[in-house]
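These notes are about the structure you will find just below.
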Number of protein chains: 2
Amino acid sequence: MGRMSEGSVRLDATAKRIIELLQEDGRISYAAIAKAVGLSEAAARARVQKLLDSEVMQVVAVTDPTQVGFTRQAMIGVRTEGDPMKVGDRLAEVSEVDYVVTTAGSFDLLVEVVCEDDPHLLDVIRQVRELEGVVSSETFVYLKLNKQHYNWGTR
Amino acid sequence: MGRMSEGSVRLDATAKRIIELLQEDGRISYAAIAKAVGLSEAAARARVQKLLDSEVMQVVAVTDPTQVGFTRQAMIGVRTEGDPMKVGDRLAEVSEVDYVVTTAGSFDLLVEVVCEDDPHLLDVIRQVRELEGVVSSETFVYLKLNKQHYNWGTR
DNA sequence: CAAAGATTCTGCGGTAATCGCAGAATTAAC
DNA sequence: GTTAATTCTGCGATTACCGCAGAATCTTTG
């Protein structure tokens, strides 16, 4: 995923079960996956590789930003003129931006940013507001992360 | 992380480098990590285990929701009365909610939800608005995910 | 429906990675 | 400066991973 490669790949029950296992523990062995889904190790390995190649799934380390030197996080609601997608793609290029989504509602884009401190955040906000096509923005500084999970299953 | 365990663990350069390697590829071998950071395999393995145990980092599969049967995603801005944290913790218990953050700004909470379709989303919104302490809410339906990444490094 | 083609699977040998542990080295505490 | 705690290296024993050949299954096509 990451850039969502379209072309919705069809996922059978086995693929979904494999995803769920890796959502629990990204470093589980192919052998363990194979046993859990009732396939040979080689088949399970091929399945995982295919899911990674097709970008349906990625296996990565996710960190708590506050513990690795990023004190300030925020969501920025952005109103645009012209094509929101274009602005979104340009925002996506900013390194402090880790999440950009085009939405329907009183904001055209929602942008999550990860900063080291307040001056850094201020600078990023300035960068966003100076972007061509950005009409206005509203910043929501994060006070506390109550929940964050990645195992929403597959169904 | 996930519930962020406080107690900021001190991260030295080696730990940060290890995190960065795993942000690139969550299934990289301990041997490869060891070689990259200049430690023995056993030491690298102990480091990774410690990072996982201390909940500074987790290694998980992350999927593109649209490809695994969840067509409708949305961010819900919530205004509360009373303690926003309390409401946030209650929202965190809703299974369709994968992300809850307490913020400063015109919303007290931002809540991301993952749904199968529009009726499902409607039901979740109803659930949110009925929660004690929720005064009002505004929903931003996702039209396109422009960017999503997890390798914001460590510094 | 039958044959051809494409996928996906199993089985297996060779290689590489993982695990657990004992002891050395380093770091922190007193 | 001594003790204690942590972290590291080295190394067998075990397990997992990789690549491939051939069988099985699912798809396409005439």
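Every chain is numbered from 1, with letters handed out A, B, ... down the list of sequences.
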Spacing between A/L51 atom CG and C/dT8 atom C1', to the nearest angstrom: 14 Å
Taking the side chain of A/R27 as its heavy atoms from C-beta onward, which of D/dC8, C/dT18, C/dC9 lies nearest to it? C/dT18
Which nucleotide in C/dT10, D/dC8, D/dC17 has an atom nearest any side-chain atom of A/A42: C/dT10
In whole Å, what is the span from the CD atom of B/E41 to the P atom of D/dA16? 15 Å
Could you state the CZ-C1' distance from B/R47 to C/dT26, rounded to the nearest angstrom? 12 Å
For B/M85, does its backbone N or O pair with a side-chain atom of A/K144 as donor and acceptor, under 3.5 Å? no
Looking at five pairs on each end of the helix from C/dC1-D/dG30 to C/dA29-D/dT2, what is the angle between the two axes, given to 10 degrees? 50°
Between CG of B/D53 and P of D/dT6 the distance, given in whole Å, is 14 Å
Looking for any heavy atom pair under 4.0 Å, which part of the strands does B/S29 touch: base, sugar-phosphate only, or nothing? sugar-phosphate
Is any side-chain nitrogen or oxygen of B/K50 closer than 4.0 Å to OP1 or OP2 of D/dT6? no
Euclidean distance, A/I28 CD1 relative to A/L21 CG, rounded to 0.5 Å: 5.0 Å
Does the side chain of B/H120 pick up a donor-acceptor pair with the side chain of B/E96 at under 3.5 Å? yes
Would you please say whether a donor-acceptor pair under 3.5 Å links the side chains of A/T102 and B/N146? yes
Report the distance from atom CD of A/Q49 to atom P of C/dC9, rounded to the nearest whole Å. 14 Å
Just checking, is any N or O donor in the side chain of B/E112 or B/Y142 under 3.5 Å from an acceptor N or O on the other one? yes
Counting side-chain heavy atoms from CB outward, which of C/dA17, D/dC8, C/dC19 is closest to B/A31? C/dA17
Whole-Å distance separating the CG atom of B/D12 from the P atom of C/dA28: 11 Å
Any side-chain donor-acceptor pair under 3.5 Å between B/E138 and A/S106? yes
Measuring from the side chain of A/A43 (C-beta onward, heavy atoms only), which nucleotide among D/dC17, C/dT18, C/dT10 has the closest atom? C/dT10
Looking at every strand, decide which applies to A/R45 at a 4.0 Å heavy-atom threshold: base, sugar-phosphate, or nothing. base
Can you name the nearest heavy-atom pair linking A/L11 to A/A15, along with the distance? CD2-CB, 4.1 Å
Rounded to whole angstroms, how far apart are CG on A/L39 and P on C/dG11? 11 Å
How many whole angstroms separate atom CD1 of B/I33 from atom C1' of D/dT9? 17 Å
